[in-house]
Amino acid sequence: MNNKKTYFKQTHLDFHTSPDIEKIGSKFTKENFQEAIKKGKLDSITVFAKCHHGLCYYPTNVGIRHPHLDLDFTGAMIDAAHEIGVRAPVYITAGFSHEDAITHPEWISKNIDGSYKVENEYDLNAMYDTPKKDCTWHLLCLNDGPYAEHIYELTEEICQRYKDLDGLFYDICLKGDVCYCDTCVQGMREMGLDPKKEKDAKEYFIIKRRIFMQKCTDIMKKYHSDATIFFNSGGANMDKPEFHEYQTHYEMENLPTAWGGYDKLALRSKFFKNKEKSILAMTGKFHLDWGEFGGFKTKEALKAEIAQMAVYGVGASVGDHMHPDGEMEMQTYENIGYAYDYLEKVAPFCYDGEIVSNIGVYVSDDWVANEGISRILIENQIDYRVVDNNCFEIFDTVIISEGAVMDKEGLDALNAYIKNGGKVLLISDALVKDGEFQIDTGLKYIGGAEFDCDYIIANESYDDVPSAPTLSNVPGHRTKNIDATVYAQIMTPYFSRTYGHFCGHKNTPHNKDSKLMPAIAKKGNVVYIANSLPKQYRLYGSVFHKRYFMHALNLIYSGSLLKVSGIGSQGRCTMIEQPHLNRYCINMLYINPVIRGQAGIIEDIMPVYNIQTTLRTDKKIKNIYIGLTNEKIDFIQNQQEVSFVVPKLECHTSIVVEY
């Protein structure tokens, strides 16, 4: 079935199964497997060849077959899926492999002090009956050494064995950024690199991991030229662009109940949209995390997660873990099918279009700050795009995240953009190089923060922020005003909190006699924010810092092309244009995740009503209706604005605007 159609209804089927469990796959039947696929409405299911225990589930001459397996489990699943027209890419664990670690300790990755690298506080001195924490494994070295050779041989065996291979999914491939095992230390020296220098060790790691991915790809392509390949645990990390070229598509582990919440997806989806490859967002059927037997989300919660993926225009992959006996759990696939049934219905209004947004975010290497920007924008129902290849001219306003610097090409493009009326919002030390701003802000850059916190106070009264100095746990950078207009200022504390100088339980109070410095300043079309308000918001959640950010943005931003009111900070809105159908599609989402115990969960999905909506467009609008019901919506068009009211939003709705 080897084709590269964008499959957007997938299940990722794990099977990390102890060698101490018998009767492996004894209840597997083709009929049961196919029934689950059909109930789940899947068009792809990732099946397993080698698990984290280091065991294989097919007849192997290379790896270690599970000792209680009597069938070609991998092949049986592939055949069953293909018989009903469903893809079945094959899973191979890489970085975690318990049996290999025990048999070949020399294959384990090492820290600079010679100790073994482990995941999640693996206790190397634990006794046999010591309780084991979740997800604890040795981390094996894939830097093109002896263990990598083992993976190459395993890959070749699988590719030769299965004549109709759809793709390969390698797991735990890019964890960490250095290794000091004997093979790596020797390899660094042979390459003229110094193992004692972290920079050299990181360079070696990147070189060797790229070689690893390329060799795996070359082996697969030798037998299956159209198969897909993905290297997980790093292959879809925004901060590892050096590995993106080796992926035929992206599978973004999301797991909002355990890994960063429901708003992590927005930035990741927009970042990878620029890569022009298919994108799947991965969640789990589990209540919490991977491999949780007996853990379930409600079907409505799973539907809400899948609807969120559709709102951001990415495909879906829901993780499951098969029972050792090989029988598929039908409750799981009924829930998945319920969610995917909805995805099928709304797909025409969520995919195959271009994002319509006039605000761009220029990301940096500071992903906490980047995500903070994303959260502030989406909580204000401002859709955005990530700036790609210095294409500033398509935006009304560009937000440049802290830590970003530009080369001459980027700077020339940005200055041309500003000269032509483009607007720029700089945050913290954005575009600071060699102690100076790279563009004219009307300020002189002095340096980083002097104290461990500071306070922001507005120069004018705002109804939605305190008139008193407001604590910022992430202190601002110091600047001197030259010819900018200052809208808010920084007041510093008496001193930083130390054992020698402290005041009370927490932060030192503001010093009313301190010399004030610009917190928010504007010159022309450039606004500067000294404090990292996005990072402050992401880490501490103060709504006042979010509001200060929006006040700064609104000094220059002409406003979103799509404006909605009535859905609060929990509402999410995106809009795409489908020119081939002469229409816009507006997607609105309203879910309210809450913290219960250790997890953020969705339980109550409450409707909201009468959402005031305004769309700015130069197109003559002919018709507006609700996508799923064809219910018409009355509208008023005045010049370049169209106004209408969405009568009800319950979890998700798609509004079609035809021109």
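All values below were derived from every heavy atom in this structure, side-chain atoms included, with hydrogens, water molecules and symmetry-related copies excluded.
For the residue pair Asn254/Tyr262, the side-chain donor-acceptor check at 3.5 Å is not satisfied. Checking Glu251 against Asn232 by side-chain atom types alone, no donor-acceptor pair falls below 3.5 Å. Residues Glu354 and Gln578 bring no donor and acceptor atom of their side chains to less than 3.5 Å of each other.
Listed for the Asn481 side chain is a donor-acceptor partner under 3.5 Å among the backbone atoms of Ala484. In this structure, Arg268 contributes its side chain and Ala281 its backbone to no donor-acceptor pair below 3.5 Å. Of the possible donor and acceptor atoms, one in the side chain of Asp429 sits under 3.5 Å from a partner among the backbone N and O of Gly403. Thr248 places a side-chain N or O within donor-acceptor distance of the main-chain N or O of Ile229, the cut-off being under 3.5 Å.
Across every non-hydrogen atom of Ala94 and Leu142, the tightest pair is CB-CD1, 3.7 Å. The shortest non-hydrogen separation linking Lys264 to Gly260 is CB-O, 4.0 Å. Between Pro518 and Thr479, the closest heavy-atom pair is CD-O, 3.4 Å. Residue Ile378 comes nearest to Tyr312 through the heavy atom pair CD1-OH, 3.9 Å, listed as atom of the first residue, atom of the second, then distance. Minimum interatomic distance between Ile633 and Val645 (heavy atoms only, all atoms of both residues): CG2-O, 3.5 Å. Taking every heavy atom of both residues into account, Asn531 and Ser472 meet most closely at ND2-OG, 3.2 Å.
Taking the side chain as every heavy atom from C-beta outward, Tyr362 and Val386 never approach each other to under 4.5 Å. Side-chain atoms of His477 and Val432, non-hydrogen and from C-beta on, never get closer than 4.5 Å to each other. Side chains of Asn587 and Cys573 form no contact here, defined as non-hydrogen atoms less than 4.5 Å apart. For the pair Thr283 and Pro256, the minimum side-chain heavy-atom distance is below 4.5 Å. Between Leu553 and Ile399 the shortest side-chain heavy-atom distance falls below 4.5 Å. Side-chain atoms of Val368 and Leu539, non-hydrogen and from C-beta on, do get closer than 4.5 Å to each other. Using a 4.5 Å heavy-atom threshold, the side chains of Thr614 and Ser643 count as touching. Looking at Leu414 and Ile418, their side chains come closer than 4.5 Å, going by heavy atoms from C-beta outward.
Annotation: cation-pi geometry not satisfied between Lys522 and Tyr528 (NZ/CZ under 6.0 angstrom from ring centroid, within 45° of ring axis). Relative to the six-membered ring of Phe271, Lys275 meets both conditions, a distance below 6.0 Å and an angle of at most 45° to the axis.
Within a 6.0 Å sphere centred on CG of Asp365, heavy atoms belonging to other residues, nucleotides or ligands number 12 at most. Heavy atoms of other residues, nucleotides or ligands lying less than 6.0 angstrom from CG of Asp434 number 12 at most. For Glu460, the CD atom is densely surrounded, since the number of other residues' heavy atoms within 6.0 Å is greater than 12.
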* To do: Apply salt bridge (charged side-chain N to carboxylate O under 4.0 Å, His left out) to Asp383 and Lys270, showing your working.
  => CA-CA 10 Å; Asp383 200 15; Lys270 292 175 185 301; 2.5 Å; yes
* To do: Under the salt bridge (charged side-chain N to carboxylate O under 4.0 Å, His left out) rule, what do Arg210 and Glu242 come out as? Steps first, then yes or no, please.
  => CA-CA 8 Å; Arg210 287 166 62 98; Glu242 62 270 20; over 6 Å; no
* Asked: Where do Lys273 and Asp388 land on the salt bridge (charged side-chain N to carboxylate O under 4.0 Å, His left out) test, with the steps shown first?
  -> CA-CA 10 Å; Lys273 281 280 188 179; Asp388 189 42; over 6 Å; no
* What's the verdict on salt bridge (charged side-chain N to carboxylate O under 4.0 Å, His left out) for Asp43 and Arg87, showing C-alpha distance, side-chain angles and the deciding distance? -> CA-CA 6 Å; Asp43 45 33; Arg87 291 178 80 247; over 6 Å; no
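With sequence neighbours excluded, no residue forms a salt bridge (Lys or Arg N to Asp or Glu O under 4.0 Å) with Asp352. Not counting sequence neighbours, the partners of Asp440 by the salt bridge (Lys or Arg N to Asp or Glu O under 4.0 Å) test are Lys523.
The distance from atom CD1 of Ile626 to atom CG of Leu649, rounded to the nearest 0.5 Å, is 10.0 Å. Rounding to the nearest 0.5 Å places OG1 of Thr228 at 12.0 Å from NZ of Lys277. Expressed to the nearest 0.5 Å, how far CD1 of Ile624 lies from CD of Glu658 amounts to 9.5 Å. Atom NZ of Lys480 is separated from atom CD1 of Ile446 by 7.0 Å, given to the nearest 0.5 angstrom. In this structure, CG on Leu555 lies 7.0 Å from CD1 on Ile520, to the nearest 0.5 angstrom. Interatomic distance, CD of Glu203 versus NZ of Lys199, reported as 5.5 Å (0.5 Å rounding).
Taking the six-membered ring for Trp and the full ring otherwise, Tyr462 and His551 have centroids separated by under 6.0 Å. Ring centroid separation for the pair Phe395 and Tyr417 does not come in under the 6.0 Å cut-off.
Each side-chain hydrogen bond (donor to acceptor under 3.5 Å, both in side chains) pair with one or both residues in residues 537-547, not counting sequence neighbours, appears once here: Glu371-Arg538, Glu379-Tyr537, Glu379-Lys546, Tyr537-Lys546, Ser542-His545.
Partner Phe231 forms a ring pair (Phe, Tyr, Trp, His ring centres under 6.0 Å) with one of Tyr250, Tyr170, Tyr246, Phe169 and no other, that one being Tyr170.
Taking a cutoff of 4.0 Å between a charged side-chain nitrogen and a carboxylate oxygen, Asp144 and Arg209 do not qualify as a salt bridge.
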